[in-house]
Amino acid sequence: MEFYDLELDKVIKSIPNIHSRTVFSCRHYPNLNKRIDYILTSSQDRAVKVWDITTYKLVVSVPNVHFSQYIYSASLLFNYINDETYIITSAPNERMKVFNFSGRFQRDFGQSDESTYF
């Protein structure tokens, strides 16, 4: 993964081998209450990882999120009322899953006979 500074027009940090297989998604999520920017990555290694952009450190790693060959999509959800953050994942032919920000499984929801991409 590379962090690119648009003002400086250059790569400012590279982190090699963030996953053991191909990265399927990489998304930016600013937490406005905590003033922390996160990057969420998902991969064909079936792991979801959350990175702090400021420190370039891994914050949360959730291995074996789904049984499928890959995670179709992953997202962060900030609940600003009770100051909690959730990781939501989906995979083909499985129900979506919710994890807390410590990586502990909370529950699954939705249907398992359709793919959900968000």
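By convention here, the first residue in the shown sequence is residue 1. Only this structure's heavy atoms are used, side chains among them; waters, hydrogens and symmetry mates stay out.
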With a 4.5 Å limit on heavy-atom distance, are the side chains of [X] and [Y] in contact?
X	Y	answer
Phe99	Val48	no
Asp37	His28	yes
Ile18	Trp51	yes

Please check if the side chain of [X] supplies one atom and the backbone of [Y] the other of a donor-acceptor pair under 3.5 Å.
X	Y	answer
Arg27	Ala74	yes
Ser43	Asp45	yes
Ser42	Ser73	no

Smallest separation among heavy atoms of [X] and [Y], with atom names:
X	Y	result
Val59	Tyr38	CG2-CE2, 4.1 Å
Ile12	Tyr56	CD1-OH, 3.4 Å
His66	Arg95	CE1-O, 3.3 Å
Leu58	Val50	CD1-O, 3.5 Å
Ser90	Met96	CB-CG, 3.6 Å
Val11	Ser14	CG1-OG, 3.7 Å

**Study point:** Residues, nucleotides or ligands: over 12 heavy atoms within 6.0 Å of Leu8 CG
**Key:** yes
Exercise for review: Report, as yes or no, whether the 6.0 Å neighbourhood of atom CG on Asn82 holds more than 12 heavy atoms from other residues, nucleotides or ligands.
Suggested key: yes
Quick one: [atom1] on [X] to [atom2] on [Y], what's the gap to the nearest 0.5 Å?
X	Y	atom1	atom2	result
Ile39	Phe3	CD1	CZ	6.0 Å
Thr41	His19	OG1	NE2	3.0 Å
Lys49	Ile87	NZ	CD1	12.5 Å
Asp9	Tyr4	CG	OH	3.5 Å
Arg46	Thr89	CZ	OG1	12.0 Å
Phe78	Asn31	CZ	CG	4.5 Å

Is it possible for you to say whether [X] and [Y] belong to one hydrophobic cluster, with membership spreading through side-chain heavy-atom contacts below 4.5 Å?
X	Y	value
Val98	Ile81	no
Val62	Val23	no
Met1	Ile53	yes

**Study point:** Verdict with supporting geometry, Ile71 and Phe24, side chain to side chain contact (heavy atoms under 4.5 Å, CB included)
**Key:** CA-CA 7 Å; Ile71 298 166; Phe24 197 73; over 6 Å; no
Exercise for review: Mind running side chain to side chain contact (heavy atoms under 4.5 Å, CB included) on Phe101 and Leu76 for me, showing each step along the way?
Suggested key: CA-CA 9 Å; Phe101 211 54; Leu76 290 182; 4.1 Å; yes
